[in-house]
Amino acid sequence: MVIDVIHGPNLNMLGRREPDIYGTTTLADIDRELMKLGTSLGADVETFQSNSEGEIVGRIQEAYGRVSGVIINPAAYTHTSVAIRDALSMLSCPIVEIHLSNIHKREPFRHHSYVSGVADGIIAGFGARGYRMALEAVMEIIRE
Ligand code: DQA
């Protein structure tokens, strides 16, 4: 069982990027933890990060029919990308949208997500630990 974890733009800078908002955990730390947790939950966790909208759309298309669940932090594309939303709409597997910060507590332009309408659930505001919560949630949905 494969779970695809997709990270959007600037998340490769985690650890150094606005640590007061996003914390000091790096993306490599997050990916390592998810792979370890995946193994203990019986899933093969694959991870992908891109700063490019088209590459993220391509990765979602590759997930079609291949993966059992998707966890996605579209980062800034959350608030702008109809293309990412449309790509996610094609999938029939569970989708969890995640944000490190609570986007609803921040600037108004972050309050709207194009992705939420096609996600099964949203996790926001719990920092890096939210990824663990997302993986546990996606596995529970799959096993239901
Ligand atoms: C983010 C929130 C977005 O508004 C922002 O553009 C990001 C990260 C988060 O994880 O909190 O890049 O998705």
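Order of listing sets the numbers, starting from 1, for every ligand and every atom in it.
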Quiz item: Could you give the distance from NE2 (His112) to OG1 (Thr78), rounded to the nearest 0.5 Å?
Solution: 10.5 Å

Quiz prompt | Gap between atom NZ of Lys36 and atom CG of Asp31 - 0.5 Å precision | solution = 13.5 Å

Quiz prompt | Part of Asn73 within contact of ligand 1 (heavy atoms, under 4.0 Å) | solution = side chain

Quiz prompt | Plane angle bin for His79 and Phe109 - parallel if under 30°, tilted between 30 and 60°, otherwise perpendicular | solution = perpendicular

Self-check item: Residue part near ligand 1, for Ile103, under 4.0 Å between non-hydrogen atoms
Solution: side chain

Practice problem: Using heavy-atom distances, let me know which of Met13, Arg110, His99 sits nearest atom 1 (C) of ligand 1. | Solution: His99

Quiz item: Are any of the side-chain heavy atoms of Asp4 and Ile71 separated by less than 4.5 Å?
Solution: no

Exercise. Could you tell me whether Glu107 approaches ligand 1 through its side chain, its backbone, both or neither, with non-hydrogen atoms closer than 4.0 Å?
Key: neither

Exercise. Identify, for atom 11 (O) of ligand 1, the protein heavy atom at the shortest distance, and state residue, atom and that distance.
Key: Ser101 OG, 2.6 Å

Quiz item: So which of Tyr22, Tyr131, Phe109 gets nearest to atom 7 (C) of ligand 1, if we judge by its closest heavy atom?
Solution: Tyr22

Quiz item: Among protein heavy atoms, which sits nearest to atom 4 (O) of ligand 1, and what does the distance come to when rounded to 0.1 Å?
Solution: His79 NE2, 2.7 Å

Practice problem: Using a strict 4.0 Å threshold on nitrogen-to-oxygen distance, state whether Arg59 and Glu46 make a salt bridge. | Solution: yes

Quiz item: So, are Glu97 and Arg85 salt-bridged, with charged N and O less than 4.0 Å apart?
Solution: no

Exercise. Examine distances only and state if a side-chain atom of Tyr77 and a backbone atom of Ala83 form a donor-acceptor pair shorter than 3.5 Å.
Key: no

Quiz item: Polar-atom distance check: Ala76 versus ligand 1, any N or O pair below 3.5 Å?
Solution: yes

Quiz item: Identify the closest protein heavy atom to atom 9 (C) of ligand 1: which residue and atom is it, and at what distance?
Solution: Leu100 N, 3.4 Å

